[in-house]
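See below for the structure under consideration.
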Amino acid sequence: MKAQFGSKIGLIAATVGSAVGLGNIWRFPAEVQANGGAAFLIVYIACVFLLGIPVMLGEFALGRYGQTDAVGVYRKLSPGTPWWMTGLIGIVASYVILSFYTVVAGWTFEYLFQSITGELYETIPGDAPGSTAQFADRMAQYVSSTWKPLLYTVVVIAINLGVLLKGVQKGIERLSNLLMPLLFCLLAIFVVVALQLPGAVEGLRFFLTPDFSKITPKVVIDALGQSFFSLSLGMGVLITYASYFPRDTRLTKTAVTVSVLDLLVAVMVGLIIFPAVMSFGLQGESFEGATLVFVTLPEVFARMAGTQIWSILFFLLLFVAALTSTISIGEVSVAYFSDHLKMTRKKACLAVMLPLLVFSPICSLSNGVLSDFRIFGMTIFSCLDAFSTNILLPLGGLLMSIYLGWVAPKGFMKTQLTNDGQHPTRSAGLVSFILKWIAPVLILIIFVAGLL
Ligand code: PHE
């Protein structure tokens with residue numbers, strides 16, 4: 001029998017679990033910082049509603065209709081055409097992303113561990129205690145070392161395997177039901193604490209007072225890319241999850257709920273990071289790359305009373321967010337192997353996760369012993385990141401919206417969004433219009449800009 005989510009709450013928790021990830025906690029504030037503060041936030045919100053929700057609805061419609069994996073659904077809907085390759089691009093993208101996302105999830109786990117033991121806050125000979133240099137050196141040492149990151153990456157892969165083996169309801173859904181409330185509680189605690197820091201207002205002003213002159217084409221392109229990444233679009237994750245939606249699920253309501261919660265998390269993160277970082281005068285380069293979460297924030301915690309507690313809670317939050325996202329990314333391939341290649345779930349999980357024991361370590365080592373091996377001047381890690389996020393994701397999204405707007409059987413979206421006409425909704429026409437005329441053009445722009 002086809003697996004299904006067991007409850008509405010579980011379905012939302014799992015989908016939000018996929019959407020809320022490093023994208024919200026790490027990438028979002030870095031993008032806000034790089035793109036002029038509140039101006040970015042406004043454009044981002046527009047992108048979520050204008051493009052994110054319609055594309056999400058496209059994935060939901062395909063998944064729930066197909067009740068199968070991301071390749072199978074195109075075969076079912078347009079047999080004998082090459083459109084199934086759109087699904088395949090998504091699966092490849094998801095696998096590539098998985099190979100480095102597990103490494104980063106491993107870092108968060110290591111930092112959680114080091115916060116518990118207190119090692120993270122021990123001084124390094126030669127660096128002033130609690131200084132930026134101390135945390136930057138620790139990060140650089142850790143990331144480039146050989147064994148430790150490998151160990152934690154393997155732990156992450158093992159946890160993923162354990163959850164995926166348990167299946168959709170007992171694994172993914174149960175874990176999300178447990179972890180998502182925890183994530184929101186942790187965030188709420190941090191918001192309250194951050195807003196009470198001296199000088200918090202300045203951070204808030206930067207995050208919430210828009211300067212419209214800062215809106216440039218780059219801001220729009222970055223906001224579009226960020227909304228795709230954060231909402232888990234373009235690689236079949238949501239097609240796969242929607243294949244576990246019961247037939248009577250109200251797709252529009254679900255998409256709006258998931259997107260608004262994902263946006264809420266991003267905003268809450270902004271309300272934490274900007275006041276905290278600015279309160280301690282740590283702007284500037286402190287947002288670049290991995291610096292924000294692994295260098296700047298530990299520096300903030302070091303200056304607060306209760307250093308270790310805040311550090312433990314934060315890296316727990318980060319780990320939870322990363323874990324539920326990696327699981328959703330893994331499920332795309334698991335569904336493909338089991339639905340399409342007809343493997344048992346157990347075999348499919350092993351077939352997906354075991355090769356990661358080779359791929360993820362290569363990504364990890366490319367920050368250390370393999371760092372001289374470069375592709376287009378980038379380490380393997382950065383190259384895979386750029387290739388999947390800038391090329392494969394938008395390409396997957398572009399092809400999907402062209403398919404839904406122009407190729408799919410007439411009335412497909414409408415039938416799906418209204419549950420076969422049982423729940424007429426005015427938004428169906430608007431969504432179809434966006435998928436036909438607006439989404440392909442906008443995604444094409446992100447795609448081309450990402451190549452330049
Ligand atoms: N949405 C996740 C995040 O914000 C990342 C992700 C992208 C997960 C694509 C699944 C698919 O971190």
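Predicted model, so just to flag it, every value in this text is computed and none were measured. For ligands, and for the atoms within them, numbers begin at 1 and follow the listed sequence.
- Ligand 1 places these atoms under 4.0 Å from at least one heavy atom of S18: 1 (N), 2 (C), 8 (C), 10 (C).
- Between the S232 side chain and the S18 main chain, a donor and an acceptor come within less than 3.5 Å of each other.
- Considering both main-chain and side-chain atoms, G23 comes within under 3.5 Å of ligand 1 through a nitrogen or oxygen pair.
- Of the possible polar contacts, none joining the N367 side chain to the S144 backbone as a donor-acceptor pair under 3.5 Å is found.
- At the top of the distance list for atom 8 (C) of ligand 1, counting protein heavy atoms only, stands S232 OG, 3.3 Å.
- Y101 contributes a side-chain N or O that, together with a main-chain N or O of L22, makes up a donor-acceptor pair within less than 3.5 Å.
- Ring geometry for F359 against Y95 counts as perpendicular: the plane angle is over 60°, on a 0 to 90° scale with 30° as the lower cut.
- Neither the backbone nor the side chain of R27 has a heavy atom within less than 4.0 Å of ligand 1.
- In this model, a donor atom of one side chain and an acceptor atom of the other lie less than 3.5 Å apart for N35 and K218.
- Close approach to N24 involves these atoms of ligand 1, each under 4.0 Å from a residue heavy atom: 4 (O).
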(request) Verify salt bridge (charged side-chain N to carboxylate O under 4.0 Å, His left out) between K166 and E331, making sure each step is shown before the conclusion. (result) CA-CA 12 Å; K166 284 199 165 283; E331 181 64 20; over 6 Å; no
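- Counting all heavy atoms, side chain and backbone alike, L233 lies closest to L393 at O-CD2, 3.8 Å.
- Residue contact check: L22 has heavy atoms under 4.0 Å from atoms 12 (O) of ligand 1.
- Proximity to I329 (heavy-atom distance under 4.0 Å) selects the following atoms of ligand 1: 8 (C), 10 (C).
- Between Y403 and S78, the side chains place a donor N or O and an acceptor N or O closer than 3.5 Å (distance only, hydrogens not considered).
- T254 and T249 share no side-chain donor-acceptor pair at under 3.5 Å.
- Residue-level proximity to ligand 1 for A19 is carried by the backbone, the only part with a heavy atom below 4.0 angstrom.
- Where the criterion is an N or O separation shorter than 3.5 Å, residue side chain and backbone included, S328 fails it with respect to ligand 1.
- Looking from atom 7 (C) of ligand 1 to the surrounding protein, the closest heavy atom is F229 O, 3.4 Å.
- Residue-to-ligand polar distances keep L231 apart from ligand 1: every N/O pair is separated by 3.5 Å or more.
- Between V20 and ligand 1, not a single N/O pair is under 3.5 Å apart.
- At least one heavy atom of Y101 sits closer than 4.0 Å to an atom of ligand 1.
- For atom 9 (C) of ligand 1, the closest non-hydrogen atom on the protein side is M235 CE, 3.1 Å.
- Proximity of a side-chain donor or acceptor of N24 to a complementary backbone N or O of D262 within less than 3.5 Å is detected.
- Residue V237 approaches ligand 1 through these ligand atoms, each under 4.0 Å from one of its heavy atoms: 10 (C), 11 (C).
- Close contacts of ligand 1 with S230, meaning ligand atoms under 4.0 Å from a residue heavy atom, involve 1 (N), 4 (O).
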